[in-house]
Amino acid sequence: MRRNAVRLLMAVLVALATCLAGAPAQAAVPDSPGVTYTNPIAEKRADPHIFKHTDGYYYFTATVPEYDRIVLRRATTIQGLKTAPETTIWTKHASGVMGAHIWAPEIHFIDGKWYVYFAAGATNDIWAIRMYVLEGTGANPLTAAWTEKGQIKTQWESFSLDATTFVVNGVRYLAWAQRDPSVNNNTDIYLARMANPWTITGTPVMLSRPTYSWETVGYKVNEGPAVIQRGGKVFMTYSASATDSNYCLGMLTASASANLLSQASWSKSATPVFASSAATSQYGPGHNSFTVSEDGKSDILVYHDRNYKDISGDPLNDPNRRTRVQKVYWNADGTPNFGIPVADGVTPQRFSSYNFPDRYIRHWDYRARIEANVTKLADSQFRVVPGLAGSGTVSLESANFPGYYLRHKNFEVWLERNDGSAQFAADATFHRRAGLADSAGVSYESYNYPGRYVRHWEYLLNVQAVSTATDRADATFYTQ
């Protein structure tokens with residue numbers, strides 16, 4: 001009797017295994033679904049800082065080209081900041097300190113009050129740049145009562161700017177840029193603990209000095225630190241070189257459990273993590289901050305750049321740095337991937353496979369496929385734009401090859417430049433459908449071959465008819 005029961009159990013297990021082997025795998029809906037924005041968010045606004053508060057509003061401040069005041073906007077969405085009315089909350093002094101070069105404001109909410117960190121020169125010495133703090137009382141910082149808390153004093157009375165504050169393991173820190181009077185460069189990145197929101201305590205530590213070639217073009221600069229944390233790691237981006245097309249982002253990385261006040265705890269990227277892109281006509285991206293998407297599920301990079309390379313005269317006198325945003329993606333090793341500054345207009349998305357959730361649609365030698373660990377992020381980003389062949393349809397434009405679209409050719413999917421022909425338009429146009437295997441996903445039906453869908457087959461993308469559960473799974477993707 002016992003032997004028969006064991007045989008029966010084995011038969012059931014074999015049958016179950018056979019069924020499972022024949023069934024397509026199912027991915028969970030991504031933790032970070034796709035989000036899109038339309039750039040730029042604000043014209044003539046540099047050094048942008050966007051803070052999402054618990055009241056449901058985003059608060060936005062930035063350097064104005066007149067360098068004479070601090071402004072705030074608020075909206076319930078990031079995109080809404082573009083048209084939100086702007087309020088001046090503070091104006092430079094008519095004489096003395098805080099009377100010139102009002103730069104790089106940041107807004108934070110600490111222990112029930114608002115704080116704005118900014119840099120300013122003096123009327124008698126506009127280059128005597130120092131860091132200052134405003135304190136605001138009231139629920140809405142646009143109407144709060146603001147008082148000056150004075151200068152943030154550091155180890156030297158020297159050129160200092162770009163203060164930012166963050167908390168790791170319950171400890172509040174201040175990071176900033178400052179010139180070491182004994183060194184022949186412009187600014188380094190420093191870190192210290194804070195005794196209160198306008199006072200540092202202890203001895204500051206120098207985290208980064210501009211030494212790489214990409215940090216020293218025009219000026220030897222490390223400035224504009226910004227912090228994002230994930231997976232037990234602290235990532236500090238910073239800006240380097242002159243504020244023209246050479247401006248770019250580097251990054252420092254430390255374990256959240258390490259002694260952050262030891263330079264040895266931090267590793268530094270050997271190459272820029274975000275730089276100009278001639279392909280997308282975006283130049284000098286930098287002085288960034290971080291915020292989160294409206295649903296709280298995506299990290300968002302906030303930065304400024306220009307849409308042209310050549311500048312007449314001093315870049316500081318060029319007013320056309322614009323505030324822009326785009327989603328931050330995370331590599332399999334837990335590091336952030338910023339990709340490239342994307343083209344103006346709608347931001348791109350990624351598409352992960354329903355049944356191979358670690359694989360993304362990407363182009364490789366112009367052939368479309370699904371692949372894991374795509375660290376060249378822009379190869380796996382596509383802008384969903386109005387269909388080339390007609391209304392109610394969409395086309396998928398490459399992020400790093402603007403003007404190139406996914407199109408089918410002999411039922412294979414390739415990335416090719418739009419040649420303007422009706423044939424290309426039809427081949428590169430799709431009907432966006434609810435995911436065939438999961439309505440939370442998306443499937444793309446060919447415009448000129450109804451019933452055929454973009455699907456992967458041996459990891460390559462094709463346009464094929466679908467009939468089985470496996471077919472439908474292969475033709476379903478999640479936006480990220």
Side-chain angles (χ1 to χ4, degrees), residues 34 36 38 279-281 339-340 342-356 359-371 374 376-439 441-468 470-480:
T36 58
T38 300
T280 58
S281 300
I340 62 174
V342 298
D344 283 349
V346 65
T347 56
Q349 301 175 63
R350 300 180 91 189
F351 298 91
S352 61
S353 167
Y354 167 83
N355 49 357
F356 290 89
R359 290 179 175 262
Y360 292 84
I361 294 178
R362 62 101 35 108
H363 59 82
W364 177 263
D365 285 341
Y366 301 106
R367 183 70 165 93
R369 57 184 296 128
I370 60 169
E371 190 171 295
V374 185
K376 191 176 179 183
L377 179 65
D379 282 358
S380 64
Q381 289 180 293
F382 299 89
R383 300 188 343 149
V384 181
V385 298
L388 299 178
S391 61
T393 60
V394 298
S395 293
L396 301 175
E397 183 182 16
S398 169
N400 53 349
F401 289 90
Y404 283 67
Y405 296 82
L406 293 182
R407 62 87 58 98
H408 63 80
K409 184 170 61 176
N410 298 323
F411 302 120
E412 297 176 343
V413 180
W414 291 78
L415 183 74
E416 292 190 356
R417 179 187 287 277
N418 181 7
D419 61 11
S421 68
Q423 185 64 58
F424 184 97
D427 290 350
T429 297
F430 303 90
H431 291 283
R432 182 186 173 108
R433 308 296 192 197
L436 298 179
D438 181 357
S439 60
V442 62
S443 295
Y444 288 102
E445 183 183 13
S446 170
Y447 169 80
N448 51 354
Y449 286 90
R452 286 181 175 260
Y453 288 80
V454 175
R455 61 86 57 95
H456 61 82
W457 177 258
E458 295 183 346
Y459 304 129
L460 297 176
L461 292 193
N462 301 279
V463 171
Q464 295 179 350
V466 296
S467 58
T468 68
T470 297
D471 295 343
R472 291 189 290 273
D474 289 350
T476 299
F477 304 91
Y478 291 117
T479 61
Q480 293 195 40

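Sequence positions, counted from 1, serve as the residue numbers for this chain.
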With a 3.5 Å cut-off and no angle check, do the side chains of Arg433 and Ser443 form a donor-acceptor pair?
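No, because no side-chain N or O of Arg433 sits under 3.5 Å from a partner of the opposite role on Ser443.
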May I ask you to check whether His363 and Phe401 place their ring centres under 6.0 Å from each other?
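Yes, the ring centres sit under 6.0 Å apart.
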Answer whether the closest heavy-atom distance between the side chains of [X] and [Y] falls below 4.5 Å.
X	Y	answer
Phe351	Val384	yes
Leu388	Tyr447	no
Leu461	Ile370	yes
Thr429	Asn448	no
Val463	Val413	yes
Glu371	Asp379	no
His456	Arg369	no
Glu412	Leu460	no

If I compare all heavy atoms of [X] with all of [Y], which pair ends up nearest, and what's the gap?
X	Y	result
Trp414	Asp365	CZ3-O, 3.9 Å
Ala399	Ala378	CB-O, 4.0 Å
Phe382	Ser398	CD2-CA, 3.9 Å
Ser352	Gln480	OG-NE2, 2.7 Å
Ser446	Phe430	CA-CD2, 3.9 Å
Tyr404	Arg417	CD2-N, 3.2 Å

Crowding at CG, Asp419 (>12 non-hydrogen neighbours, <6.0 Å)
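More than 12 heavy atoms, drawn from other residues, nucleotides or ligands, come within 6.0 Å of this atom.
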Within this structure, what is the [atom1]-[atom2] distance for the pair [X] and [Y], rounded to the nearest 0.5 Å?
X	Y	atom1	atom2	value
Arg367	Leu406	CZ	CG	10.5 Å
Tyr453	His431	OH	NE2	9.5 Å
Glu397	Gln381	CD	CD	12.5 Å
Phe477	Asp438	CZ	CG	13.5 Å
Ile361	Ser353	CD1	OG	8.5 Å

Sub-3.5 Å donor-acceptor pair from the side chain of Arg383 to the main-chain atoms of Val346, do we have one?
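It does hold such a pair.
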Does the pair Arg432 and Tyr444 meet the rule for a side chain to side chain donor-acceptor pair (under 3.5 Å), with working shown?
CA-CA 5 Å; Arg432 182 186 173 108; Tyr444 288 102; 3.2 Å; yes
Check whether NZ of the Lys or CZ of the Arg Arg452 lies under 6.0 Å from the centre of the six-membered ring of Phe411 and within 45 degrees of that ring's axis.
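Flagged: Arg452 positioned over aromatic ring of Phe411.
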Val442, Thr476, Asp471 screened by side chain to side chain contact (heavy atoms under 4.5 Å, CB included) with Leu436, the one that passes
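The passing option is Thr476.
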